Amino acid sequence: MLQINFIKQNADLVKERLAVRNFAHIGLVDELISLDEELRKQKLVSENLQASVNTTSKEIGALMAKGEKEAAEEKKAAVTAWKEEQATVKTSLQALEEEFTGKLLLLPNLPHTSVPKGKTPEDNEVVLEGGTVPQLFAGAKPHWDIIKEYDLVDFETGAKLAGSGFALFKGKGAKLQRSLIQYFLDYNTAAGYTEFAPPLMVNEATAYGTGQLPDKEGQMYHITEDKLYLIPTAEVPVTNVYAQQIVKESDLPIKMTAYSSCFRREAGSFGSDVRGLNRLHQFEKVEVIQLVKPQHSYEVLEEMVNHVERLLQFLELPYRILRLCGGDMGFTSALTYDFEVFSAAQQKWLEVSSVSNFETFQTNRMKIRYKNEEGKTELVHSLNGSSLALPRIIAALLENNQSENGIHIPKALQAYFGAALIEKNG
RNA sequence: GGAGACGUGUCCGAGUGGUUGAAGGAGCACGCCUGGAAAGUGUGUAUAUGGGAAACUGUAUCGCGAGUUCGAAUCUCGCCGUCUCCGCCA
């Protein structure tokens, strides 16, 4: 959530930055500014009335103590009148406040100056490519066929148990996923991230904190009976660990990692994009999250990008890094780098990680602050990234590493998986 | 799920309608004492937001929300959480 004081002092800049996103409701900026002015005016009126009520009530107390009942009754009448006046002000104040916060929640984050203009994924900027795309043999198959052949994932049974878009991992497939999770977590904790195992459901306040609500309401599974949401990413519970806290300056940066299942309704997704492991309602992911001092957040973003990049190098996958354009960037982000791996049999780039700096957009909602060098409390910056999303990594590994003999396991993973090859009779 | 107890500042802990933003203690900071330290001693020690150059000052906050009252940490109701007993249970 943007800060109203910043919006007021930089109205033109805010509009200009929002335009980079192709944000359709730029008019909200001016609306918010005038709403805020009106809000302040009415607040002042209400507070002044309250001040009169407070002081006079104290006087009544003193008069009662002295036994001057009549004088006390006179003052009571005055207070009652003020309170009636205040009641009407409060009613309109409340309505204004609701309108104001409702509208403020609709404003997305301001894109960083390095964010390219653009509307669609085609306008994203390729920052760099790494790794080499393998030459596949003649009988090479897309992963959804490999999975069947090696009996690694059973989509039919997944669909029977839960519905389409739910996978049942099986045998070596399940073990491959488990070994990747273990490897990713070890890699992250070795880099100084503290491991968490968070709740997979969160309440409304938590979902607002990281910005999933109200923007992505329809994307989350909602357990209405208990007013809980299934998390779409570990970012939600883990970033909120420090919500409403003023952390010690010496505790920064706070580095956290978590493995979790992620749940997404993916309403309206169709076509070949969703085939096999490419898009699921439930998938596994390991996430890294940092809370940092504002002045360091862009250095930290680069550090996190490097961290994820090295992981892909260890997995020996061909990858590229994209700087997302304004139109493709998430609601809460100021700058996002996406990582894609090339899945050689489907000849397709698959997004496996998204590393973002949210600056104060999330921490303003969560009120995560620290006392800076001058002793002033200040919002920290929050960042996160996937390291990594499992199903698409598995898809790319299966496709890129297939051979007549079986599927090769990258060296870095062999100790975790317990073998160098997944054999056909497996 | 049933019955009961409880939820106060960094921590412990007082406070059942009126100078209580909140006693007292611990902790912390600064000063005195000391050769130095400990002990002792003095002072200070919440957050947010509005006004003000500042001193200072208005408002809100004793789990959260609503209500009663001229006035609520104190009374009433709802919610959340913690603990104890019972039930159920991986």
Side-chain angles (χ1 to χ4, degrees), chain A residues 1-9 32-102 104 197-209 213 222-229 237 240-252 254 261 294 360 362-380:
Chain A
M1 190 160 65
L2 298 177
Q3 291 161 277
I4 186 62
N5 285 336
F6 181 85
I7 296 175
K8 281 200 303 198
Q9 286 156 22
L32 280 164
I33 292 171
S34 61
L35 273 173
D36 180 68
E37 268 168 34
E38 186 56 31
L39 209 51
R40 272 162 206 275
K41 259 190 229 160
Q42 298 204 13
K43 234 181 215 167
L44 190 66
V45 172
S46 173
E47 280 183 7
N48 285 342
L49 284 167
Q50 186 64 48
S52 307
V53 170
N54 288 349
T55 52
T56 309
S57 290
K58 276 185 189 165
E59 288 165 16
I60 293 171
L63 289 171
M64 299 285 268
K66 281 192 276 181
E68 294 178 31
K69 265 202 153 176
E70 277 168 43
E73 287 304 324
E74 259 174 58
K75 292 202 182 247
K76 273 193 198 182
V79 172
T80 307
W82 285 326
K83 289 197 71 174
E84 270 168 31
E85 195 180 333
Q86 194 190 24
T88 57
V89 177
K90 271 190 173 168
T91 309
S92 83
L93 196 57
Q94 205 182 341
L96 267 176
E97 242 159 20
E98 270 169 36
E99 189 185 352
F100 176 78
T101 48
L104 190 57
L200 302 183
M201 299 178 206
V202 293
N203 58 29
E204 218 173 60
T206 303
Y208 268 101
L213 287 179
H222 188 188
I223 296 134
T224 50
E225 177 112 32
D226 298 292
K227 293 188 183 140
L228 293 170
Y229 292 87
N240 272 283
V241 163
Y242 287 92
Q244 315 299 330
Q245 283 192 36
I246 298 176
V247 299
K248 279 193 230 142
E249 189 196 346
S250 58
D251 290 339
L252 297 174
I254 292 168
S261 295
T360 59
Q362 296 183 323
T363 55
N364 186 33
R365 290 189 178 192
M366 288 180 282
K367 297 287 174 266
I368 307 182
R369 293 155 297 171
Y370 82 108
K371 268 206 204 310
N372 67 16
E373 292 74 4
E374 290 118 50
K376 274 200 83 178
T377 50
E378 196 180 355
L379 294 167
V380 303

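Hydrogens, waters and symmetry mates play no part in the numbers below; they use all other heavy atoms, side chains included. Sequence lines set the chain letters: A, B, ... in the order given, protein chains first and strands last, and positions in each chain run from 1. A quick note: this is a predicted structure, and the numbers were derived from the prediction, not measured.
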Open item on the list: Does this structure show an ion pair linking A:E37 with A:R40, if we count only N-O contacts that are shorter than 4.0 Å?
Closed with: no

Euclidean distance, atom [atom1] of residue [X] to atom [atom2] of [N] [Å, nearest integer]:
X      : N      : atom1 : atom2 : value
A:L93  : B:rU49 : CG    : C1'   : 13 Å
A:E378 : B:rA48 : CD    : C1'   : 16 Å
A:E59  : B:rC70 : CD    : P     : 16 Å
A:K43  : B:rU49 : NZ    : C1'   : 7 Å
A:N364 : B:rA48 : CG    : C1'   : 13 Å
A:Q86  : B:rC70 : CD    : P     : 14 Å

Task: Minimum heavy-atom distance A:N240-A:T206, with the two atoms named - done: ND2-O, 2.9 Å

- [ ] Identify which nucleotide among B:rU47, B:rC70, B:rG21 has an atom closest to any side-chain atom of A:I60, counting heavy atoms from C-beta outward.
- [x] B:rC70

Open item on the list: Side chain of A:K83 only, heavy atoms from C-beta on: which candidate in B:rG21, B:rC70, B:rA48 is closest?
Closed with: B:rC70

Task: Validation row: A:K371, A:E249 side chains within 4.5 angstrom (heavy atoms) - done: no

Open item on the list: I'd like to check A:V79 versus A:I60 (side-chain heavy atoms, cut-off strictly below 4.5 Å). Are they in contact?
Closed with: yes

- [ ] Just need the stems in RNA chain B: three or more back-to-back Watson-Crick or G-U pairs, each with both distances under 3.5 angstrom, sorted by first number.
- [x] B:1-7 with B:80-86, B:10-12 with B:24-26, B:27-32 with B:40-45, B:46-51 with B:56-61, B:63-67 with B:75-79

Open item on the list: What does the B/S/- profile of nucleotides 50-58 of chain B look like, 5' to 3', with a 4.0 Å heavy-atom cutoff to protein?
Closed with: S-------B

Task: Earlier contact from the 5' end, RNA chain B, for A:T377 and A:M64 - done: A:M64

TODO: Scan residues 56-67 of chain A for pairs that pass side-chain hydrogen bond (donor to acceptor under 3.5 Å, both in side chains), counting only residues two or more places apart or in two chains.
DONE: A:E59-A:K75

